Amino acid sequence: MAYSAEALAKLVRGTYSGPAGLEISTASRIETAGEGSVTFLANPRYFTLFEETAASLVIVPEDFTSDVVKPIIRAKNPYYAFALVLQHIYPPPRLVETGIHETAIIGTGTVLGKNVAIGPYAVIGSNCEVGDNTVLFPFTVIADGARVGADCVIHSHVSVRELVRIGDRVIIHDGTVIGSDGFGFAPEGGVYHKIPQVGTVIIGDDVEIGANTTIDRATMGETVIEQGVKLDNLIQVAHNCRIGEHSVIAAQTGLSGSTMVGKNARIGGQVGFAGHMRIGENVIIAAQSGVSKDVPDGVMVSGTPALPHRSGMRIQAAVRQLPDLLKEFKQLKERIAQLEADKREK
Amino acid sequence: MAYSAEALAKLVRGTYSGPAGLEISTASRIETAGEGSVTFLANPRYFTLFEETAASLVIVPEDFTSDVVKPIIRAKNPYYAFALVLQHIYPPPRLVETGIHETAIIGTGTVLGKNVAIGPYAVIGSNCEVGDNTVLFPFTVIADGARVGADCVIHSHVSVRELVRIGDRVIIHDGTVIGSDGFGFAPEGGVYHKIPQVGTVIIGDDVEIGANTTIDRATMGETVIEQGVKLDNLIQVAHNCRIGEHSVIAAQTGLSGSTMVGKNARIGGQVGFAGHMRIGENVIIAAQSGVSKDVPDGVMVSGTPALPHRSGMRIQAAVRQLPDLLKEFKQLKERIAQLEADKREK
Amino acid sequence: MAYSAEALAKLVRGTYSGPAGLEISTASRIETAGEGSVTFLANPRYFTLFEETAASLVIVPEDFTSDVVKPIIRAKNPYYAFALVLQHIYPPPRLVETGIHETAIIGTGTVLGKNVAIGPYAVIGSNCEVGDNTVLFPFTVIADGARVGADCVIHSHVSVRELVRIGDRVIIHDGTVIGSDGFGFAPEGGVYHKIPQVGTVIIGDDVEIGANTTIDRATMGETVIEQGVKLDNLIQVAHNCRIGEHSVIAAQTGLSGSTMVGKNARIGGQVGFAGHMRIGENVIIAAQSGVSKDVPDGVMVSGTPALPHRSGMRIQAAVRQLPDLLKEFKQLKERIAQLEADKREK
């Protein structure tokens, strides 16, 4: 299929500059793009690739300049523009047929929306709700009383446990578990006694959750993932956490119980949060940090224990000088001893 | 449903003090508790919430005092008492019907106990054993020769691999894998050759394992999780490890091969253990530690490499002063140079 | 079953020294080996166990010496030799019957090789390919257009997503996800917009992947796991990564997007890699490292941020002396002040 450069420019609200009637057949990364490809440049670090690329069309920032003349689309946000182009050129394949597969099992009192695609061997419990156009891949479990909104895509082997509520346009990747029991035990008599986890999980609209991530239900009340949040793979969200809207968290990060993250957070991979932390809005947390104190609004932290990024970097730089410091320190001690000896001699 | 305050006091072996005939309908966290709720206070840090809470009944420590008079139950261990109340008010729902679902597949020579609940699309291999009252959720796999005890709950998508033995009253959450091959390869000729993992996994009574955790089978012999152990989500237990009874391990922690943890350990999240470590009894290991040396009985360690917590904290505090130290050090060098110059002048 | 010591020596191309006709019935670890067992010694640290072991036969290095005389097989690489013995004594059980289980669902246009074993409730999409002798355990999903080679073993609950290509002799353990969407979003207007992940994953021959690991598909192009790579459990491989041939990675390590690892890497557990890293060939990365800079060929790094291991160790040792240094530093300042005071008095 072919897409005209002018039409793509219109799609992304950009300005096309190049020969009329240019046709594009595919989208590629700039390093591997060939004839017929559209690609993009957003990061100035990669601007030098503009000259080299064999792409037929490049989406560039509005103020981009180059000595080389190539077909371009100027756009305010080239990365977002490229996302729109990809969405246009590669509409998601419907991998599960509309309708209810004959092997799917659906409990009593469950209400399914219009145009759902319930795949082979999906199991939906009693008194559930599944919204319009939602797709369930094979081996998904929607347990009793759970609700999945409209236009959702739930991939294979996902468990949505009892009473969990999921909003609209939510994507959950394979193997993820929503609503497993929180990790709560009362020690007594040398033995741990289970605290029944009688709360649930609420997931807002437009959330995407990666593969093999686990989100525990609340002990009482709710674990909440607010609208627009994006969670990567293998993340742990413990009972009674709340993640504020439009926050993004990279893979293998773990939140201990009752930690609250404000909206618009950007959290790296393999970060650990102690329990009951209060993380402000618009916070940035570097990968592998260990957050054991509250983080105020708008601050960037890094390291273990996590400190404001500037202090953290200064400390890290200082640590690297430490072996040299120890050597110098020894010399200094000798010089002082010499000065003291000289004094005594007099 | 309503529960009398007096009856709840009796249930938890506590002492009720408040109006006769007080009735409770629900249990809540102290921050959100309303009219008709029972809640609890165990941590003195939160005692100030006693005055504010709208709960109708609060379980408090035996020596708790307040100027405010409210209905209370005094209990020796309020957290445990509250666990008992929750277990009483919210008995676990039976989400899988008793009996064997018609879509379950059960191999030859397999023996099922009384009153089991084998859910839709459960697959049990040949020569397995499943004890009385045990519940298997959809898509569980119990592979050939495996044994699951009585009164267990095995959630959806759990794999219990061949020959694994699981005790009684064990709970395993969704997606967890018990008995995958240990990670063992012999390098030869620039290539890694698989060491067949011919051992198995033994899980004791009263163990609870979170979601998407992985426990590898032994190369030879057994990987052992002793009775009463509680494992959180996304934990890795490598081949030939042994975790001593009544130990608790938080999410995303990983044990390398042949590491032994003594009983009553309390291990935080995202901890890493090198292989062949010997961890004593009653050990505490702080979150995100990297344990590369044996830990003796009763010690608390933290940091990477993990050190006794006191030294670790002193080092951490010292590191934070390092940028200032470097500055001061520079000044000191100048003062010494000055002293030396003065001496030469004389 | 019994195996003659001479035959085992021949199998491993070693030299047997002991009584003729010695028969072995089982293989064990040296600590637990009894009468009738073969075991091995490779690490000089454990050579003292030679005298103590009750094993009937020990595979030892060619230059091994001991005052004690026991039946031995001298082999160039005893660990590899023992792997061969284990493979011989314990051929893998065929846990899934050859043929296609009646409950398996197979889409149109899909081609299955000879002698495949497609287990109960396996779901294979349309236009897939499954090679000769490959075994699919229950609840595997091979999505539309995916290809799995010959002689593969795909364990329960594995998701092989659409268009993924897997080589020959690949083993994938339970719950692993190959081809979930990469974590890519374009921020615009305070909201994250999904970048369609239209690439795929390619897995080479002789790769083994542990349980509950996740390998994301490329945004465009391919995420590549080259031949002979061994990945442990709970590993995260992000979109567009490439892991070079015969590299091994331990559990819970995470690679961010577009990171490239050269061949023959040995990477510990819980390591984190920033995105777009270039890791050379024959690199060793210690457990829990945080790799935020490229690593050249043949280097060993450790720590966070990861540094050449020697510097890292020197820094770590220096850090441990820091509390003492601070004390000494204070004394030094006093001595200098004293020297300065003395000077002024004169």
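Labels below follow one simple rule: chain letters A, B, ... track the order of the sequence lines, proteins then strands, and each chain is numbered from 1. As the structure is a prediction and not an experimental result, all values here were calculated from the model.
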For chain C, which of B:Gly125, B:Pro196, B:Ser126 has the most heavy-atom pairs under 4.5 Å? B:Pro196

When the 4.5 angstrom heavy-atom criterion is applied to B:Ile235 and chain C, the contacting part is backbone

Report yes if some heavy atom in the side chain of C:Glu340 is under 4.5 Å from a heavy atom in the side chain of B:Leu339; otherwise report no. yes

Check the surroundings of atom CZ in B:Arg278: do more than 12 heavy atoms from other residues, nucleotides or ligands lie under 6.0 Å from it? yes

Shortest non-hydrogen contact from B:Asp144 toward C:Leu95: OD2-CD2, 3.6 Å

Verify the neighbour count for atom CE of B:Met300: are there more than 12 heavy atoms of other residues, nucleotides or ligands below 6.0 Å? yes

Only pairs of heavy atoms separated by less than 4.5 Å count here; which of B:Ile336, B:Asn240, B:Val177 has the most with chain C? B:Val177

C:Thr26 vs B:Met220, test: side chain to side chain contact (heavy atoms under 4.5 Å, CB included). Steps then yes/no. CA-CA 10 Å; C:Thr26 182; B:Met220 292 169 286; over 6 Å; no

Within a reach of under 6.0 Å around CZ of C:Arg266, are more than 12 heavy atoms found that belong to other residues, nucleotides or ligands? no

At a heavy-atom distance under 4.5 Å, which candidate from B:Ser289, B:Ala238, B:Ala317 has the highest pair count against chain C? B:Ser289

Which residue pairs satisfy the salt bridge (Lys or Arg N to Asp or Glu O under 4.0 Å) criterion with at least one member in residues 309-332 of chain B, sequence neighbours excluded? B:Glu328-C:Lys333

Check for a donor-acceptor pair, side chain of B:Asp181 on one end and backbone N or O of C:His173 on the other, with a separation under 3.5 Å. no

What is the minimum heavy-atom distance between C:Tyr79 and B:Pro187, and which atoms define it? CD2-CD, 4.4 Å

Count the heavy-atom pairs under 4.5 Å between each of B:Val198, B:Leu322, B:Leu307 and chain C, then report the option with the highest count. B:Val198

Report the distance from atom NE2 of B:His193 to atom CG of C:Leu86, rounding to the nearest 0.5 Å. 14.0 Å

Quick one: does any side-chain atom of C:Asn212 pair with a main-chain N or O of B:Gly175 as donor and acceptor, under 3.5 Å? yes

More than 12 heavy atoms of other residues, nucleotides or ligands under 6.0 Å from CZ of C:Arg45: yes or no? no

Taking side chain as everything from C-beta outward and backbone as N, CA, C, O, which of these in B:Thr213 sits under 4.5 Å from a heavy atom of chain C? Side chain, backbone, both or neither. backbone

Minimum heavy-atom separation for C:Phe139 and B:Thr140, please, with both atom names. CE1-O, 3.9 Å

Interchain contact, B:Ile105 with chain C, by part (heavy-atom threshold 4.5 Å): side chain

Taking every heavy-atom pair that is under 4.5 Å apart, which of C:Gln321, C:Lys76, C:Gln87 has the most such pairs with chain B? C:Gln87

From OG1 (B:Thr103) to OH (C:Tyr121), nearest 0.5 Å: 4.5 Å

Can you name the nearest heavy-atom pair linking C:His246 to B:Tyr192, along with the distance? O-CE1, 3.5 Å

Cut-off 4.5 Å, heavy atoms of chain B, and the answer for C:Ala287 is neither

Closest heavy-atom contact between C:Ser156 and B:Val141? OG-CG2, 3.7 Å

Per-residue contact mode, B:Val191 against chain C (heavy atom under 4.5 angstrom): both

Name each donor-acceptor pair under 3.5 Å that joins a side chain in residues 269-277 of chain B to protein atoms two or more places apart or in another chain, with its distance.
residue  : atom : partner  : partner atom : Å
B:Gln270 : OE1  : A:Gly272 : N            : 3.4
B:Gln270 : OE1  : B:Gln288 : NE2          : 2.9
B:Gln270 : NE2  : A:Gln252 : O            : 3.4
B:Gln270 : NE2  : A:Val271 : O            : 3.1
B:Gln270 : NE2  : B:Gln252 : OE1          : 2.9

Take B:Leu325 and C:Leu325 through the test side chain to side chain contact (heavy atoms under 4.5 Å, CB included) and record every step on the way to the result. CA-CA 10 Å; B:Leu325 180 74; C:Leu325 179 74; 4.0 Å; yes

Where C:Ala250 and B:Phe183 come nearest, the two heavy atoms and their spacing: CA-CE2, 4.3 Å

Give, as side chain, backbone, both or neither, the part of B:Glu162 having an atom under 4.5 angstrom from any heavy atom of chain C. side chain

Backbone N/O of C:Asp232 and side chain of B:Gln236: donor-acceptor pair under 3.5 Å: no

B:Met260 atom CE, neighbour heavy-atom count above 12 within 6.0 Å: yes

With a 4.5 Å cut-off on side-chain heavy atoms, are C:Gln316 and B:Pro305 touching? yes

Side-chain donor-acceptor contact under 3.5 Å, C:His157 with B:Ser159: yes

